[in-house]
**Student:** 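Before we start, here is the structure in question, set down as structure tokens.
Owing to the predicted nature of the structure, the values given are computational and were not obtained by experimental measurement. Reminder, nothing fancy here: chain letters follow the sequence lines and each chain counts from 1.
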Protein chains: 2
Amino acid sequence: MKQVTIYDIAKEANVSVATVSRVLNNTAPVKDSTRSKIMRLIDEYQFQPNALARGLSKKETGTIGVILPDVTNPFFPEVFSGIERMARDMGYTFFLCDTIGDYERESQYLNILREKQVDGIIFLGGRINLSKCKPELVDEVVETANRIPLVLVNGDLPGTSLYRVITNESKGAEIATQYLIDSGHRDIAFIAGNDNMTTTAQKVRAFKRIMKRNGLHVSGERVLYGDFSMASGERLMNRILSNEDRPTAVFCVNDFTAVGALKAAMKAGIGVPDDISIIGFDDIPLASAIYPELTTVKQQMDILGATAVQVLHKLIMKENVKKLTVIEPELVVRESTLSRDAIQ
Amino acid sequence: MKQVTIYDIAKEANVSVATVSRVLNNTAPVKDSTRSKIMRLIDEYQFQPNALARGLSKKETGTIGVILPDVTNPFFPEVFSGIERMARDMGYTFFLCDTIGDYERESQYLNILREKQVDGIIFLGGRINLSKCKPELVDEVVETANRIPLVLVNGDLPGTSLYRVITNESKGAEIATQYLIDSGHRDIAFIAGNDNMTTTAQKVRAFKRIMKRNGLHVSGERVLYGDFSMASGERLMNRILSNEDRPTAVFCVNDFTAVGALKAAMKAGIGVPDDISIIGFDDIPLASAIYPELTTVKQQMDILGATAVQVLHKLIMKENVKKLTVIEPELVVRESTLSRDAIQ
DNA sequence: TCGGCAATTGTAATGGGTTTCACTTTCGCT
DNA sequence: AGCGAAAGTGAAACCCATTACAATTGCCGA
């Protein structure tokens, strides 16, 4: 069962392959009668051009590689969904590469994508700490970016200047903190992620900054470091609750952590939001799936993805783009926070 | 910046491209000195073979297309993750195609994947009712399956005989029902999905069968039809609760629905599992993220994915495979169900 | 020293498109 | 009618690998 080729169509239509190619790509005028004859044959033979051959000669494949650390983490599918929606109409298809957080695999995938001649790469750094990874990988990424358009989403490689699309996480943390304070909270704890990651550092800094600006003190034990997981949220919340001097609100570095914290509170019989308010970050679907629904800072993940595509597309088209694009997060007030005005 | 080709390497090494190709693919003996000389050059020039060219001549691309209805639904990333883990070591890369439940797009993607010369296709039917879709699409899928190895996961196209990997959903529903009964429940409600979908029909049938087998009656109003969404779970649970005659347990067609139901109960001040037990289906991560953690029937999504890959791989290798592979689900008891033994 | 087989290596065809360049028609206009 | 421009088309090179087939070399035992 051999594949029908452009040659078969050409022969059948008594024209050259060039002409068939022209009607296929609309790249030059073709007489109407010729065109329709060819189209009929294409239809009849169910001819489908071989994308490999096309890619080989055009040096463009209409394919984009998306690298992410974990498909199973709801954050990424949301971003991917934004990428897809935006790029599909541009005619792109996607290689999805899940590195399961393994730098080794990142580098492997980078190679594979180059070999497959993708038109561009979107690298979802997400919560992974790119700044701590092996220098070889940094080189590898930079090297790749020199040859293929590459956009980093929510990540950074210090010492390099790659194209990036990021959420303004500092701003988000500021908004969340200020919101809690405006709601009357005075004693607020922050459950952070790994302390060596920039996303944690940024948020901690923002948190302290706003507290200070409002004349509030942040004692050392009110900032707890974990690892972004639900489990760590649960564990750290338990630590907070075991203390007789309990804060009235807890700000979590991400929704996963917040959900863990929430669970810990419920299990301990502490009412949320009545006894303690909890606020998360990201607004993954999970946030509104639970009870009480989580107040959180929404990262517009679909927009993050869509924007990354736009930037990448411009790079591919060799148009001018800003190196850095910042997406603003927004507060989503739901049920896990309560105003303290009454009780102050 | 022209790409380094096998010709460049060959010329530099004073050998023919054939020889270079041979060391690249280890397809014939090459003298050690020659080999190492070539390897050194490959390294030095950072030569990477062009996968398009290779695919074109080998007629195999090491690429698999995965079609699914919604990346954003946690069920699918889980399956995808299983696919990836299994297939990566076999050297495959994946095109991820999200149809957002649109039949039009399914057909588009099928075409694109054919053009891109994928080695095989994994079609995640999931909760989408393939049996109701347009006949053209059925033809399209069958037609594709005739040309390219194709495996259907958790789906079916009546009137066709495609290779399939499915979860034994009937069995799962039986187990769940029996478990509730064994726990002492006598009055159980079932919140189903759309009534025209096979997955719903199968589970409803299994539910009634087991109830009957245990001498229990299922009144008409104890089976409610929704649409698999959280919202419908919430709505239908409210309906159940508005009735003064309330069941002691509710079995939900999937976890999403169950989470909605759980939320409705909590909001209504009905304790779970103290006042009412709830059991779900799938065991998506969400199930164990909420409080109380959801008792559910686990679909082994990673195994589903991994198995699909194994079947597909055998098809690609033209080995013999069974048309149908069934994965057995298993009960996961957590916190949302309670034994009624005491109160009976 | 010679035939024969294995080990190495090269030549050229092949896979299926796109595209440059050149050539032939066909028009529009003067 | 005559001319230049535009339309329409084809031949052949090119993209970058793999591979069938052929050729050469090296080493063995006789």
**Student:** Less than 4.0 Å between a side-chain N and a carboxylate O, is that true for B/Arg114 and B/Glu143?
**Tutor:** no
**Student:** What residues from residues 107-115 of chain B pass a heavy-atom cutoff of under 4.0 Å to DNA chain D?
**Tutor:** none
**Student:** Using 0.5 Å steps for rounding, measure from the OH atom of B/Tyr92 to the CD atom of B/Glu84.
**Tutor:**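 Between atom OH of B/Tyr92 and atom CD of B/Glu84 there are 14.0 Å.
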**Student:** Contact class for B/Asn14 (heavy atom, under 4.0 Å): base, sugar-phosphate, or nothing?
**Tutor:**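 The residue B/Asn14 makes sugar-phosphate contact but no base contact.
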**Student:** What residues form a side chain to side chain contact (heavy atoms under 4.5 Å, CB included) with A/Val30, not counting sequence neighbours?
**Tutor:** A/Thr19, A/Arg22, A/Val23, A/Thr34, A/Arg35
**Student:** Which distance, rounded to the nearest 0.5 Å, do you find between the CD of A/Gln48 and the CZ of B/Arg147?
**Tutor:**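 Between atom CD of A/Gln48 and atom CZ of B/Arg147 there are 8.0 Å.
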**Student:** Checking A/Phe80 now: which residues fulfil ring-ring contact (aromatic ring centres under 6.0 Å, His included) with it, not counting sequence neighbours?
**Tutor:**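 ring-ring contact (aromatic ring centres under 6.0 Å, His included) list for A/Phe80, sorted by chain: A/Phe94.
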**Student:** Take A/Thr63 and B/Lys116 through the test side chain to side chain donor-acceptor pair (under 3.5 Å) and record every step on the way to the result.
**Tutor:** CA-CA 10 Å; A/Thr63 296; B/Lys116 303 234 179 199; 2.9 Å; yes
**Student:** Can you name the side chain to side chain contact (heavy atoms under 4.5 Å, CB included) partners of A/Thr325, sequence neighbours left out?
**Tutor:** A/Val165, A/Thr307, A/Val311
**Student:** Which is it for B/Thr5 and B/Asp8 under the side-chain contact (heavy atoms from CB on, under 4.5 Å) test, yes or no, and what are the steps along the way?
**Tutor:** CA-CA 5 Å; B/Thr5 74; B/Asp8 301 326; 3.5 Å; yes
**Student:** With heavy atoms of chain B within less than 4.0 Å as the criterion, where does contact along DNA chain D begin and end?
**Tutor:**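 So the outermost contacting nucleotides come out as D/dC16 to D/dT19.
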**Student:** With a 4.0 Å heavy-atom cut-off, tell me which residues in residues 19-46 of chain B come close to DNA chain D, sorted by residue number.
**Tutor:** B/Ser21, B/Asn25
